[in-house]
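Within every chain, numbering begins at 1; the chains are lettered A, B, ... in the order of the sequence lines, protein sequences first and strands thereafter. Just so it is clear, the model here is predicted, and its values are computed rather than measured.
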There are 2 protein chains.
Amino acid sequence: MATRQQVADRAGVSVAVVSYVLNNRKLVKEETRQKVLEAVRELGYRPNLVARSLKTKKSNQIAVLVRFLGNPFEAGILLAIESTAKASGYFVFFQTYEEAQEEQLKELFMGRVDGIILLGQFLSSETLDYFISRGIPIVSITRPYTELDDRDMDIRSQWIDIDWHGAMRELVQHLRQQGHERIAIMADSAGIHHYEWRFRACIKALNSEGLRFEPADRLNGGGRFEQAYAELAQRLSLIGSVKKLPFTALICANDLMAAGSLAACRDHGIAVPEQLTIAGCEDILMSAQTNPPLTVLRYPRPEAAEAATRHLLELMEGKNSCSSSTSLKAELVVRGSTAP
Amino acid sequence: MATRQQVADRAGVSVAVVSYVLNNRKLVKEETRQKVLEAVRELGYRPNLVARSLKTKKSNQIAVLVRFLGNPFEAGILLAIESTAKASGYFVFFQTYEEAQEEQLKELFMGRVDGIILLGQFLSSETLDYFISRGIPIVSITRPYTELDDRDMDIRSQWIDIDWHGAMRELVQHLRQQGHERIAIMADSAGIHHYEWRFRACIKALNSEGLRFEPADRLNGGGRFEQAYAELAQRLSLIGSVKKLPFTALICANDLMAAGSLAACRDHGIAVPEQLTIAGCEDILMSAQTNPPLTVLRYPRPEAAEAATRHLLELMEGKNSCSSSTSLKAELVVRGSTAP
DNA sequence: TTGTAGGCGTTATCAA
DNA sequence: TTGATAACGCCTACAA
């Protein structure tokens, strides 16, 4: 593997000159420049990025932390992150991450990462501080949820998310128009999760629209298709042959759970939307293809991903963009699962 | 950011000793060891991985090249790759990649990557040589397709894929049992793509089963939902009110295309499976949720991903595993789109 | 316009 | 058991 020294020798110049040429400094005589370029070509030389990183203290890599890549929602976002980052010469480095591995994270990222994007993830404020104080900014897609020090966290973490309250209001209004008065919500009740914001926004929206939320109407779908299926199936088998749920509509904090609920209804002979109306919150590709297709709030994924990445890049370049966190607007997409 | 030198100073030893402690060599006196560990803790020291890489010439990073991450098929595989790699202390570094960027690739991977996994991708044999000769092994998930020097490529590239002929035969047998005699195939005819293997295997299977394939029955769905929709929609609008396609069954080289075809049928009033029977080739989550649900060949994704990653790790560790390429078995999953 | 040399944080060899 | 010290490949003052 050719090194800079070899290129220099071959071109009959010093390593510095090779560097100058490769970094496009104009102070090199054209003739010398050509000699160097030729030597580079002949040797098939390429700079060693690791050595460069060591010197410049820039890795040109950004890490993306995802919990579960199997969710198409996240895959789509990843794509947009990557293309935005690549356009600025950065590499994306993704990692599925489970909570409580923050120490490991610090170890693994040491010197290797210039910035971090959280994708539906949560880091302790201590860890956030750790990275930020080392000049490694962090931006989150979806607002991280924490029960305790909301305000404290929000100072540190910069996030991009939907204006869930506005979006949920629109959805609830739509459901009311269809005559629904009692609406259930399915989220992920296991631990801290950003779906909690969607859940809360939904309750707030119900209240804004003059509806009450019954705590018993909170379902736990664990964010997954299978769990959602199991949860609703269980409720359905409880009510037995009566086929009458206490609620007539169900809002799911993500589309996979909505699809799982749909499947449970199908298998238990519950007609959607006639007997139960179901809506999701992301609009993944699958959601338009279920039977019936799902009404959803469409999460503007490319926009969110691009905004987050740009924001991160700015922070990495030391620009103190004043805007800390951003809310985007979701679009209500009405399909057969709520409107016959 | 603490360095090894600082730790050494604080502990009153030399950097070498710090290294010994950190790398768990037992030749250090226990007392000294404790001093060092304390200094490490106090300073919050963590080794700089970039510096380590420079010295050891190992990055502990593997790159995964994907074309389109939006396909759930690939997302699932990525997940399995990542967890297998992580278990061996490797980082996964994924990159969406379009052909004809091989030079850029070499640049970007220089010194930074120990191994490469191709996910439905294709690299020229020149590029393969480039990496392999530099000790960077390459393994492909899905067998790369090339029109010309099959044999030549196969020597260099190691791949994991389905035994498509066997799988297609099973599928065709199933379709015959349903009474189908004329079967169309949808693949991606734009350029070189691994779907071509599925396509060819399918034709071979048709022949094995005594059926003929009409060249006119090759559809081009471009590998995507939308394109598949458009392609079939066009055929359907051509036949107009007759509602009679020359073929009665359609095998799609991937599930997204099958789902797109399904959607086209729905929007054009074609009943599936009565008027047209449709099958896919991967079994992504969505495929069980369409209406009707799709019959598919299930690609054993976790197995394939794990096998590929393990193979790569072995190659990286210099083990010349004799097995070059592997074929896995796909399972036929019969659902409503072929069996009423 | 080009060359020299120090340093980035590790690892590892060789003495002490 | 420990300590110097030379790489690893690149960048960049500073000197020539």
Note to self: Expected output is a numbered-order residue list: members of residues 22-43 of chain A with a heavy atom under 4.0 Å from any atom of DNA chain C. What is it?
What the structure shows: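 The answer is Leu27(A), Val28(A), Lys29(A), Thr32(A).
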Going by side-chain contact (heavy atoms from CB on, under 4.5 Å), name the residues that satisfy it together with [X], two or more places apart in sequence or in a different chain.
X: Lys57(A); answer: none
X: Pro302(B); answer: none
X: Ala51(A); answer: Asn48(A), Leu54(B)
X: Ala87(B); answer: none

Of all residues at least two apart in sequence or in a different chain, which pass the side chain to side chain donor-acceptor pair (under 3.5 Å) check with [X]?
X: Glu306(B); result: Arg310(B)
X: Lys106(B); result: Glu103(B), Glu126(B)
X: Thr96(A); result: Glu82(B)
X: Gln5(B); result: Asp9(B)

Item checked: Phosphate OP1/OP2 of dG9(C) contacted by Arg4(B) side-chain N/O (<4.0 Å) ->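 No, because none of the side-chain N or O atoms of Arg4(B) sits under 4.0 Å from OP1 or OP2 of dG9(C).
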Check: Do any side-chain nitrogens or oxygens of Arg52(B) fall under 4.0 Å of OP1 or OP2 in dG9(C)?
Finding: no
Find the distance [X]:[atom1] to [N]:[atom2] and express it as a whole number of Å.
X: Asn48(A); N: dT10(C); atom1: CG; atom2: P; value: 17 Å
X: Asp9(A); N: dC10(D); atom1: CG; atom2: C1'; value: 15 Å
X: Lys58(A); N: dC11(D); atom1: NZ; atom2: P; value: 15 Å
X: Gln5(B); N: dT10(C); atom1: CD; atom2: P; value: 10 Å
X: Arg46(A); N: dG9(D); atom1: CZ; atom2: P; value: 16 Å

Checklist line | B/S/- contact track for nucleotides 3-8 of chain D, protein heavy atom under 4.0 Å | finding: BBB-BB
Notebook entry, point to check: According to the salt bridge (Lys or Arg N to Asp or Glu O under 4.0 Å) rule, which pairs have a member within residues 28-37 of chain A, sequence neighbours left out?
Noted result: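 Residue pairs passing salt bridge (Lys or Arg N to Asp or Glu O under 4.0 Å), neighbours aside: Glu30(A)-Arg33(A).
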Notebook entry, point to check: Would Gln158(A) and Ser140(A) satisfy side-chain hydrogen bond (donor to acceptor under 3.5 Å, both in side chains), going step by step from the backbone distance to the final call?
Noted result: CA-CA 6 Å; Gln158(A) 317 226 335; Ser140(A) 175; over 6 Å; no
Note to self: I'd like to know if the side chain of Ser19(B) pairs up with that of Arg4(B) as donor and acceptor (distance under 3.5 Å, no hydrogens or angles considered).
What the structure shows: yes
Check: When the C1' atoms of the five terminal pairs at each end define the local axes, what inter-axis angle does the helix from dT1(C)-dA16(D) to dA16(C)-dT1(D) show, to 10 degrees?
Finding: 40°
